[in-house]
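Working notes, beginning with the structure itself.
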Amino acid sequence: MRQILDRVADKWSLLAIAHLERQTLRFSELRRRIEGISQRMLTVTLRQLERDGLVTRTVHPVVPPRVEYTLTPLGVTLHSTIQALVDWTEDHQEEIAVARASYDSRQDALEPLS
């Protein structure tokens with residue numbers, strides 16, 4: 001169970017699944033949408049999601065090769081859970097920013113002067 005949670009709770013996996021909602025995306029499109037992810041990390045993430053049965057990879061025999069990813073029916077069932085987390089984050093990001101700033105100010109005040 002821990003291995004599965006580690007996979008689906010990984011930030012890159014969460015973002016990949018969120019972006020694949022009801023659509024098929026090419027690798028390059030997915031990479032553009034997931035800010036900060038490297039090509040290698042996206043490749044590793046998508047392979048792991050494919051291995052777990054959450055994503056389907058389709059290679060089209062054209063030049064250059066076109067590779068597309070889509071959620072499997074199992075991946076779709078996970079998406080609603082992930083979307084709830086994304087929605088919560090969006091709804092509370094300002095409150096979290098205020099809390100972080102307050103915490104950082106208190107910590108700065110506690111540090112001895114150099």
Are any of the side-chain heavy atoms of [X] and [Y] separated by less than 4.5 Å?
X	Y	answer
Glu90	Asp87	yes
Val98	Glu94	no
His19	Leu30	yes
Val55	Leu71	yes

Of all the heavy-atom pairs spanning [X] and [Y], show the shortest one and how long it is.
X	Y	answer
Thr77	Leu74	OG1-O, 2.5 Å
Ala16	Leu49	CB-CD1, 4.1 Å
Ala9	Leu14	O-CD1, 3.6 Å
Ile34	Ile37	O-CG2, 3.1 Å
Arg57	Tyr69	NE-OH, 3.3 Å

Can you tell me how far apart [atom1] ([X]) and [atom2] ([Y]) are? Round to the nearest 0.5 Å.
X	Y	atom1	atom2	answer
Glu21	Gln23	CD	CD	7.5 Å
His79	Ile17	NE2	CD1	8.5 Å
Leu5	Asp10	CG	CG	12.0 Å
Phe27	Arg32	CZ	CZ	11.0 Å

Item checked: ILVMFWY cluster, Leu46 and Val59 together (side-chain gap under 4.5 Å) ->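 In one cluster with Leu46: Val59, yes.
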
If we ignore hydrogens and angles and just use 3.5 Å, is the side chain of [X] paired with the main-chain N or O of [Y] as donor and acceptor?
X	Y	result
Thr89	Leu85	yes
Glu29	Arg26	yes
Asp52	Leu54	no

Notebook entry, point to check: Hey, are Arg106 and Ser102 close enough side-chain-wise for a donor-acceptor pair under 3.5 Å?
Noted result: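 The answer is yes; a qualifying pair exists.
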
Note to self: Is there a side chain to side chain contact (heavy atoms under 4.5 Å, CB included) between Val44 and Trp12? Walk through the geometry before answering.
What the structure shows: CA-CA 10 Å; Val44 168; Trp12 300 125; over 6 Å; no

Margin query: Out of the candidates Met41, Arg40, Arg47, only one should pair with Thr43 under the side chain to side chain contact (heavy atoms under 4.5 Å, CB included) rule; please name it.
Written below: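 Result: among Met41, Arg40, Arg47, Arg47 is the only option passing the side chain to side chain contact (heavy atoms under 4.5 Å, CB included) with Thr43.
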
